[in-house]
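Naming convention: chains lettered A, B, ... in sequence-line order (proteins, then strands); numbering from 1 in each chain.
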2 protein chains.
Amino acid sequence: MKNPTLPLFEHWLYLNQYHAQIEQTLEKNLTAMHDLSLKEFYVLYFLAQKSEKQLRLQDLQESVGLSQSAMSRLVSRFEAKGCGVLERRTCETDRRGVYTSITKKGEEKLNEAMKTVDQILAQRFKECNLESLFAQPDKITP
Amino acid sequence: MKNPTLPLFEHWLYLNQYHAQIEQTLEKNLTAMHDLSLKEFYVLYFLAQKSEKQLRLQDLQESVGLSQSAMSRLVSRFEAKGCGVLERRTCETDRRGVYTSITKKGEEKLNEAMKTVDQILAQRFKECNLESLFAQPDKITP
DNA sequence: ATGTACTATATGCATGTGCATGCAAAATAT
DNA sequence: ATATTTTGCATGCACATGCATATAGTACAT
């Protein structure tokens, strides 16, 4: 007797669309203005967060949310781009491991790119009625 | 003098992770329990929404948020799976166009799958402090 | 010390995606 | 009416991804 398409799902669709729009805007602007993919930006961000300015591939995958193989190749491509924001180095104490570290140049690039990102996020977060996204779905259509 | 990594971005990361987790759970469960990808499910949903139970490929792309070519192939593959939930038919009045329509069997499958989806969404929406996701970021770290 | 199990990353392969383009049908101009 | 432009979908191609597996190094058992 229930409505087969409950408003719960419509909420998800809305959230989905909202997320996709922001993601696409970030991707487009980072690429155009900083020659960075969004995921490359994430990598720089998570590296910069660490005081040692470096992370194992393993830790990067978890943070960014990619598979092990995808992250391995992402970092490879990123380093191969030759923009010098990133370095790979075999771990001395465990020579299976690979450390990826961000360079000074990388931190500067990150800071510049972060300005763009923050600007976009500020605008998007403002222009959208966020509360309605997460009003209790049950209470919207009785 | 500003902090180079403003909390605005952390909010985005949180939203991103939240979104990714739900999406992955939906994908996994739809595949396992109903032999449907999430995007196939979206297609069925948008078709069922229309009273005519059919849509142009063009309209489907927009609704689902895929490129024209991706949607063309998605529907092709979906039909080719042979589960009989979907039909493609050339538009009579404009023979360039293609109508995709959902079958009775498709609607039943959608309803079953929707139960799974709603169940997951209800759980995920509940177990997460959604308000904190969208508290005004400015006010969090003065 | 040697063999076995485990771990971290790299790589072959299949797949889904977007972009550019092709092709057929319709709309428009002349 | 014919030529040109536009539209809707299909398809070649390049590429990023996940899964499965290979490779190399480490840990553990005996």
Round to the nearest Å and state the distance from [X] atom [atom1] to [N] atom [atom2].
X     : N      : atom1 : atom2 : value
A/K39 : D/dC15 : NZ    : C1'   : 12 Å
B/R77 : D/dT11 : CZ    : C1'   : 14 Å
B/K81 : C/dT15 : NZ    : C1'   : 14 Å
A/E27 : D/dA16 : CD    : P     : 11 Å
B/M71 : D/dT11 : CE    : P     : 17 Å
B/E62 : D/dG8  : CD    : P     : 10 Å
A/Q24 : C/dG18 : CD    : C1'   : 11 Å
B/L38 : D/dT17 : CG    : P     : 19 Å

Practice item. Determine: side-chain N/O of A/R95 to OP1/OP2 of D/dA27, distance under 4.0 Å, yes or no. Key: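 For D/dA27, neither OP1 nor OP2 has a side-chain N or O of A/R95 closer than 4.0 Å.
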Exercise for review: Return yes when atom CD of A/E79 has more than 12 non-hydrogen atoms of other residues, nucleotides or ligands closer than 6.0 Å, and no otherwise.
Suggested key: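 Above 12, so yes.
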Point to revise | B/K81, NZ: over 12 other non-hydrogen atoms inside 6.0 angstrom | key: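 Counting neighbours around NZ of B/K81, more than 12 heavy atoms of other residues, nucleotides or ligands fall under 6.0 Å, so yes.
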**Study point:** Under 3.5 Å: donor-acceptor pair, side chain of B/K53, backbone of B/I102
**Key:**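 No; judged by distance alone, with no hydrogens or angles, the pair does not exist.
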Review point. Could you write nucleotides 5-10 of chain C as a row of B, S and -, 5' to 3', where a protein heavy atom under 4.0 Å of any base atom gives B, of only sugar-phosphate atoms gives S, and otherwise -?
Key: --BSBB
Point to revise | A/R88 NZ/CZ over A/Y99 ring centroid, <6.0 Å and within 45° of normal | key: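 No - A/R88 does not lie over the ring of A/Y99 by the 6.0 Å and 45° rule.
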Check your understanding: When the ring planes of B/W12 and A/H19 are compared, do they come out parallel, tilted or perpendicular, using 30° and 60° as the limits?
Key ->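 Parallel: the ring planes of B/W12 and A/H19 meet at under 30°.
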Check your understanding: Is the gap between the ring centers of A/F9 and B/F41 under 6.0 Å?
Key ->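 That pair passes the under 6.0 Å test.
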